[in-house]
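A quick write-up on the structure given underneath.
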Amino acid sequence: MTSPAEAQVVDCELFDNHGRSVKLSSMWQDRTAVLVFYPGDFTSVCTAQLCEYRNRWQDFTKLNVTIVGINPEPWQKHAQFIGAHDFPFPILSDPTGTCCRNFRAKAWWGTRRMVVVIDRNGVERWRKSVMPLSRQSADDVLAAVKAANLA
């Protein structure tokens, strides 16, 4: 599913890889945020997706974009995942699943693989959901940012 939805998003409280509370809105205060909802740390497709974003980090930062990984797994597991793969972006824990539900990323099997682009005003500008064994490429996400005139 791809949509050019333009709706104000609901803020959420999540936890960073040190267990500190983080308001999701802080991620888009001064730049475009790409929220990456994904099923699980250390799984093959999720790891490949986030490693591709890590490898293209310069392309994202040139457009003043940050990546934010989100799923319900514990922050301690996220800390291990970040450390194992040297991700330059935050991965946030949503232990209650509230954020995943708010963004319609909660599915019967767990967390839906979805990317959502949020502009600096907290407005959703693009979303794409794919089947669990597929993933959104960095090129797709960068093109969406450019198409929404956020670059």
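Positions are given from 1, in the same order as the sequence printed here.
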Value rounded to 0.5 Å, distance of CG in Leu50 from CD1 in Ile82: 9.5 Å
Measure the shortest side-chain to side-chain distance between Asp140 and Lys128 over non-hydrogen atoms and say whether it is less than 4.5 angstrom. yes
Answer yes or no: is there a side-chain heavy-atom contact under 4.5 Å between Leu35 and Met114? no
How close do Cys100 and Phe37 get, heavy atom to heavy atom, and via which atoms? SG-CD2, 4.0 Å
Distance, nearest 0.5 Å, that separates OG1 of Thr32 from CZ of Arg125: 8.5 Å
If the plane angle is over 60° it's perpendicular, under 30° parallel, otherwise tilted; pick one for Phe87 and Phe81. perpendicular
After noting the C-alpha distance and the side-chain angles of Val141 and Arg56, does the key distance pass the side chain to side chain contact (heavy atoms under 4.5 Å, CB included) rule? CA-CA 11 Å; Val141 177; Arg56 300 285 303 276; over 6 Å; no
Measure up the Phe89 and Trp57 rings against each other and bin them: parallel (under 30°), tilted (30 to 60°), perpendicular (over 60°). tilted
May I ask whether Val10 and Ile118 are part of the same hydrophobic cluster, defined by side-chain heavy atoms of I, L, V, M, F, W, Y residues being less than 4.5 angstrom apart, directly or through others? no
Between Arg54 and Pro88, which heavy-atom pair has the shortest distance, and what is it? CG-CD, 3.6 Å
Could you tell me whether the side chain of Val145 reaches within less than 4.5 Å of the side chain of Trp126, counting heavy atoms only? no
Side-chain touch Leu24/Ile70, heavy atoms, less than 4.5 angstrom: yes
Validation row: Val9, Trp28 side chains within 4.5 angstrom (heavy atoms): yes
Asp139 to Glu52 - nearest heavy-atom pair and separation: N-OE2, 4.4 Å
Over all heavy atoms of both residues, which pair between Thr111 and Pro72 is shortest? Give the atoms and the distance, please. OG1-CD, 3.1 Å
With no hydrogens and no angle check, is any side-chain donor or acceptor of Arg112 less than 3.5 Å from a backbone partner on Arg104? yes
From CG (Leu142) to OH (Tyr53), nearest 0.5 Å: 9.0 Å
Val22 vs Trp75 side-chain heavy atoms within contact, under 4.5 Å: no
Could you go through Ile91 and Asn17, starting from their C-alpha distance and side-chain angles, then the distance that decides it, and tell me whether this counts as side chain to side chain contact (heavy atoms under 4.5 Å, CB included)? CA-CA 7 Å; Ile91 296 180; Asn17 61 307; over 6 Å; no
Quick one: are Phe42 and Gln80 in side-chain contact, heavy atoms under 4.5 Å? yes
Just checking Gln8: does its CD atom have more than 12 heavy atoms from other residues, nucleotides or ligands closer to it than 6.0 angstrom? yes
Between Asn64 and Arg120, is any pair of side-chain heavy atoms under 4.5 Å apart? yes
Between the main-chain N or O of Ser44 and the side-chain N or O of Thr47, is there a donor-acceptor pair closer than 3.5 Å? no
Atom SG of Cys12 and atom CE of Met27: how far apart are they, to the nearest 0.5 Å? 12.0 Å
CG (Asp41) and OG1 (Thr43) are apart, to the nearest 0.5 Å, by 7.5 Å
Closest non-hydrogen atom pair between Cys46 and Gly40, with its separation: CB-O, 3.1 Å
Residues in side chain to side chain donor-acceptor pair (under 3.5 Å) contact with Ser21, at least two apart in sequence or another chain: Glu13
CD1 of Ile67 to CZ of Phe60: how many Å apart, nearest 0.5 Å? 4.0 Å
Taking only residues two or more places apart in sequence, or in another chain, which ones meet Lys77 in a side chain to side chain donor-acceptor pair (under 3.5 Å)? Glu73
According to side-chain contact (heavy atoms from CB on, under 4.5 Å), who are the partners of Thr96, at least two apart in sequence or on a separate chain? Asp94, Thr98
So, His78 and Asp16: side-chain donor and acceptor under 3.5 Å apart, yes or no? no
